[in-house]
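First comes the structure, then the notes that go with it.
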Amino acid sequence: YCFKSCTGITSFDIPATVETLGGLCFGDCTNLAALKFLGNNVKTMGSSCFRGTSVANDIVLPSSLETLGDGTSQGGGEVFRYDGNNAECKDVTIPASVSHIGTLYLTTKEASFRFLGMTPPALLDGAKVSDKWTFTVPEGAVDAYKTAFPTVTVNAISSYDYKFRLGDAVEWNINRFGTICLPRQADYAAHIAKLYTVVGISSDSKVQIREVEDGVIRAGVPYIYK
């Protein structure tokens with residue numbers, strides 16, 4: 001209940017030292033429009049953490065996050081619960097690091113979530129699943145998510161599908177180079193683009209690069225792509 005019902009809060013930066021956001025931390029902060037994680041240390045977020053706000057559709061959850069929710073406790077237990085005329089829960093991206101989830105969202109309306117992990121997260125004790133949920137997951141993980149959540153609609157993330165949250169845009173051009181730096185860890189398809197990191201500058205002032213081979217784009221690291 002740290003900032004519950006603080007309607008004067010319009011934006012908030014989570015310090016890098018914070019590891020936990022408790023239940024109803026920003027509950028009913030109806031004017032909260034922007035929230036940014038300054039570090040990558042938050043591991044748990046309590047139930048109803050963003051109840052009554054619409055900020056969940058715009059925040060980038062840290063890749064350190066391991067647990068979303070805590071079953072059916074405070075405020076009904078839904079992490080992204082919305083009340084009244086607040087915005088619906090759409091396309092909230094769940095990092096690959098999340099291993100356990102509580103009730104994400106329960107109303108008569110539909111909700112959609114984008115999971116980056118190949119392994120479906122486990123449900124916490126008392127957590128509920130809605131048949132109005134839609135999960136978009138990596139192509140190779142569709143069957144696993146369908147087995148774990150049989151009542152949920154599960155779709156595959158297209159290899160070409162990437163959605164920027166901060167109003168940016170990127171154009172992929174064949175055999176051309178560009179740069180990219182993401183606010184969260186993500187996977188990439190090596191057959192679409194080659195990624196390189198800068199490892200140094202040679203004595204004759206040439207940039208030295210090394211190809212990324214593990215299929216992971218790390219948060220906050222600048223890359224060159226071809």
Side-chain angles (χ1 to χ4, degrees), residues 1-117 121-136 149 151-152 165-166 183-184:
Y1 297 80
C2 192
F3 300 103
K4 184 180 183 298
S5 301
C6 291
T7 56
I9 296 178
T10 57
S11 63
F12 203 98
D13 290 345
I14 305 294
T17 51
V18 173
E19 296 183 359
T20 301
L21 298 182
L24 279 165
C25 183
F26 293 100
D28 300 317
C29 292
T30 52
N31 293 312
L32 179 63
L35 185 140
K36 182 179 180 181
F37 293 87
L38 299 182
N40 200 36
N41 294 312
V42 175
K43 296 181 179 179
T44 62
M45 298 171 111
S47 291
S48 300
C49 190
F50 300 104
R51 187 191 78 175
T53 78
S54 59
V55 72
N57 291 338
D58 299 309
I59 63 175
V60 176
L61 297 176
S63 59
S64 57
L65 191 62
E66 298 175 358
T67 303
L68 266 176
D70 49 23
T72 58
S73 58
Q74 300 108 322
E78 300 109 284
V79 178
F80 303 113
R81 177 180 174 182
Y82 296 130
D83 298 318
N85 295 321
N86 288 312
E88 297 178 34
C89 195
K90 291 185 176 181
D91 297 327
V92 176
T93 298
I94 310 299
S97 55
V98 173
S99 59
H100 292 80
I101 59 172
T103 304
L104 296 177
Y105 178 81
L106 278 180
T107 69
T108 57
K109 298 179 180 180
E110 297 179 351
S112 58
F113 302 91
R114 180 186 180 97
F115 285 83
L116 299 182
L123 287 175
L124 295 166
D125 290 343
K128 298 178 181 179
V129 178
S130 173
D131 59 4
K132 295 186 179 298
W133 290 357
T134 297
F135 288 174
T136 306
F149 305 100
T151 62
V152 174
R165 293 273 175 186
L166 305 178
R184 63 173 180 271

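In terms of the side-chain hydrogen bond (donor to acceptor under 3.5 Å, both in side chains) criterion, residue partners of S112 (sequence neighbours excluded) are, by chain and number, D91. Residues that satisfy the side chain to side chain contact (heavy atoms under 4.5 Å, CB included) test with K43, not counting sequence neighbours, are E66. With sequence neighbours left out, T20 forms a side-chain hydrogen bond (donor to acceptor under 3.5 Å, both in side chains) with T44. Residues that satisfy the ring pair (Phe, Tyr, Trp, His ring centres under 6.0 Å) test with F115, not counting sequence neighbours, are F135, Y145. Not a single side-chain hydrogen bond (donor to acceptor under 3.5 Å, both in side chains) links T67 to another residue, sequence neighbours left out.
Between F113 and W133, the two ring planes are perpendicular [angle over 60°; tilted spans 30° to 60°].
Judged purely by atom type and a 3.5 angstrom limit, D131 has no side-chain atom pairing as donor or acceptor with the backbone of T151. Side-chain N or O atoms of S64 include one that pairs as donor or acceptor with a backbone N or O of V42 at under 3.5 Å.
Distance check: K90 NZ to T134 OG1 gives 11.0 Å after rounding to the nearest 0.5 Å. The distance from the NZ atom of K128 to the OG1 atom of T103 is 6.5 Å, given to the nearest 0.5 Å. F50 CZ to L21 CG: the interatomic distance, rounded to the nearest 0.5 Å, is 6.0 Å. Within the model, atoms CD of E78 and OG of S47 stand 8.5 Å from one another, a figure rounded to the nearest 0.5 Å. Y1 OH to S48 OG: the interatomic distance, rounded to the nearest 0.5 Å, is 8.0 Å. Remark: N41 CG to I14 CD1 distance equals 12.0 Å, nearest 0.5 Å.
Residues G102 and L124 come closest through the heavy atom pair N-CD1, 3.7 Å. The heavy-atom pair separating G22 from C49 by the smallest distance is O-SG, 4.1 Å. Of all heavy-atom pairs spanning T93 and P95, the tightest one is O-CD, 3.7 Å. Closest approach of P121 and F149 over heavy atoms only: O-CZ, 3.4 Å. The minimum heavy-atom distance between P62 and N40, with the atom names listed, is CB-OD1, 3.3 Å. Across all non-hydrogen atoms, the minimal contact from S97 to L65 is OG-O, 2.6 Å.
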The test is side chain to side chain contact (heavy atoms under 4.5 Å, CB included); show your working for I94 and L116 and say whether it passes. CA-CA 6 Å; I94 310 299; L116 299 182; over 6 Å; no
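With contacts defined as side-chain heavy-atom distances shorter than 4.5 Å, the pair H100/L123 does not qualify. At least one side-chain heavy atom of F3 sits less than 4.5 Å from a side-chain heavy atom of C25.
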Using a 3.5 Å cut-off and no angle test, enumerate the donor-acceptor pairs between side-chain atoms of residues 4-12 and protein atoms at least two apart in sequence or in another chain.
unit_1: K4; atom_1: NZ; unit_2: D28; atom_2: OD2; d: 3.3

